[in-house]
Amino acid sequence: MRLSPKDAREALYGLPVDAALRRAVWRQAAVEAQREKPGSEDGTWRLFAVWLAIPGLYRNLHRVTRCLGADRTDLEAEAVLALLEAFEAVDPESPDAGGRVVKDAVNRMWDYATRTYLEVPVVDIAAVAAARNDVAPPDGALLPTEGWELHIAPPPLSDGLATTLRFTDSLSRKEGERLGALAQCAGLPQLVFRARRHEEAARIGKLVLRPAGAGR
């Protein structure tokens, strides 16, 4: 019997079910896929075998995406790799060769989604900091590779600062050492201290603390 690719797929998933024809299609697909060497230029049969198995993955693909929030593109890539490996290892004469291949790919998708479920993508902080600090200093002045710059708005008066500087520190970030070092370098050891801003205190300006060399 000669079948077109579309007819072969219909024989696997269509109704009514012809068990004998289904086994014959899976057997032929596995045999031809195993005859092709991995990495060969002509991978037509391996591609055809994967194409035949894909509809058997749809239901579980949607379930994994919905339950574990995995990226569909990543799941599809894992499934294709699993199918290729499964077709290499499956016994074409097995009465359930197609079911074994599809099951291996389904398990691969679930394993991948479960393994990556708690992973959270984050920004490369070191790269972002390097990009922000990669700024040419004004007038060719050299900036320290480490340290902090202090910017105060409005500017201080001619006779000094208009008020006492207060550095606040959140509970989530303990930066006492950095603030103390900044106060010492700025020559303000008596003025700089950590304190909470009183609710009734008036806001007189804004103080911005940036890494040395960061963009304004």
Quiz item: If you round to the nearest 0.5 Å, how far is CD of Glu10 from CG of Leu15?
Solution: 8.0 Å
Quiz prompt | Reported NE2-to-CG distance for the pair His62 and Leu57, which is rounded to 0.5 angstrom | solution = 10.5 Å
Quiz prompt | Closest non-hydrogen atom pair, Ala70 against Thr65 | solution = O-CG2, 3.7 Å
Quiz item: Within a strict 4.5 Å, meaning less than it, do heavy atoms of the Arg35 and Val31 side chains meet?
Solution: yes
Quiz prompt | Glu36 vs Thr44 side-chain heavy atoms within contact, under 4.5 Å | solution = yes
Practice problem: Not counting sequence neighbours, which residues clear side chain to side chain donor-acceptor pair (under 3.5 Å) with Thr73? List them please. | Solution: none
Quiz item: Between Met1 and Leu21, is any pair of side-chain heavy atoms under 4.5 Å apart?
Solution: yes
Quiz prompt | Between CG on residue Leu81 and CD on residue Glu85, distance to nearest 0.5 Å | solution = 6.5 Å
Exercise. Taking the side chain as every heavy atom from C-beta outward, state whether Trp26 and Asp96 have any pair of such atoms under 4.5 Å apart.
Key: no
Quiz prompt | From Thr116 atom OG1 to Leu75 atom CG, the distance as rounded to the nearest 0.5 Å | solution = 7.5 Å
Self-check item: Criterion side chain to side chain contact (heavy atoms under 4.5 Å, CB included) against Pro92, the qualifying member of Arg27, Glu32, Gln28
Solution: Arg27
Quiz item: How long is the span from the CG atom in Leu47 to the CG atom in Leu52, to the nearest 0.5 Å?
Solution: 10.0 Å
Quiz prompt | Nearest heavy-atom neighbours spanning Ala105 and Ala82 | solution = CA-CB, 3.6 Å
Quiz item: Say you draw a straight line from OH of Tyr13 to CD1 of Ile54; how long is it, rounded to the nearest 0.5 Å?
Solution: 9.0 Å
Exercise. Search all heavy atoms of Gln34 against all heavy atoms of Phe87 and return the closest pair with its distance.
Key: NE2-O, 2.8 Å
Practice problem: Would you please test Arg22 and Val17 for side chain to side chain contact (heavy atoms under 4.5 Å, CB included) and show each step? | Solution: CA-CA 8 Å; Arg22 178 177 294 180; Val17 176; 3.6 Å; yes
Quiz item: Angle class for the Phe48/Trp45 ring planes (parallel below 30°, perpendicular above 60°, tilted otherwise)?
Solution: perpendicular
Quiz prompt | Test: Glu76 and Arg72 ion pair at under 4.0 Å | solution = yes
Exercise. Please check if atom CZ in Arg9 has more than 12 non-hydrogen atoms from other residues, nucleotides or ligands closer than 6.0 Å.
Key: yes
Quiz item: Should Leu61 and Met109 count as side-chain neighbours, where that means a heavy-atom distance under 4.5 Å?
Solution: yes
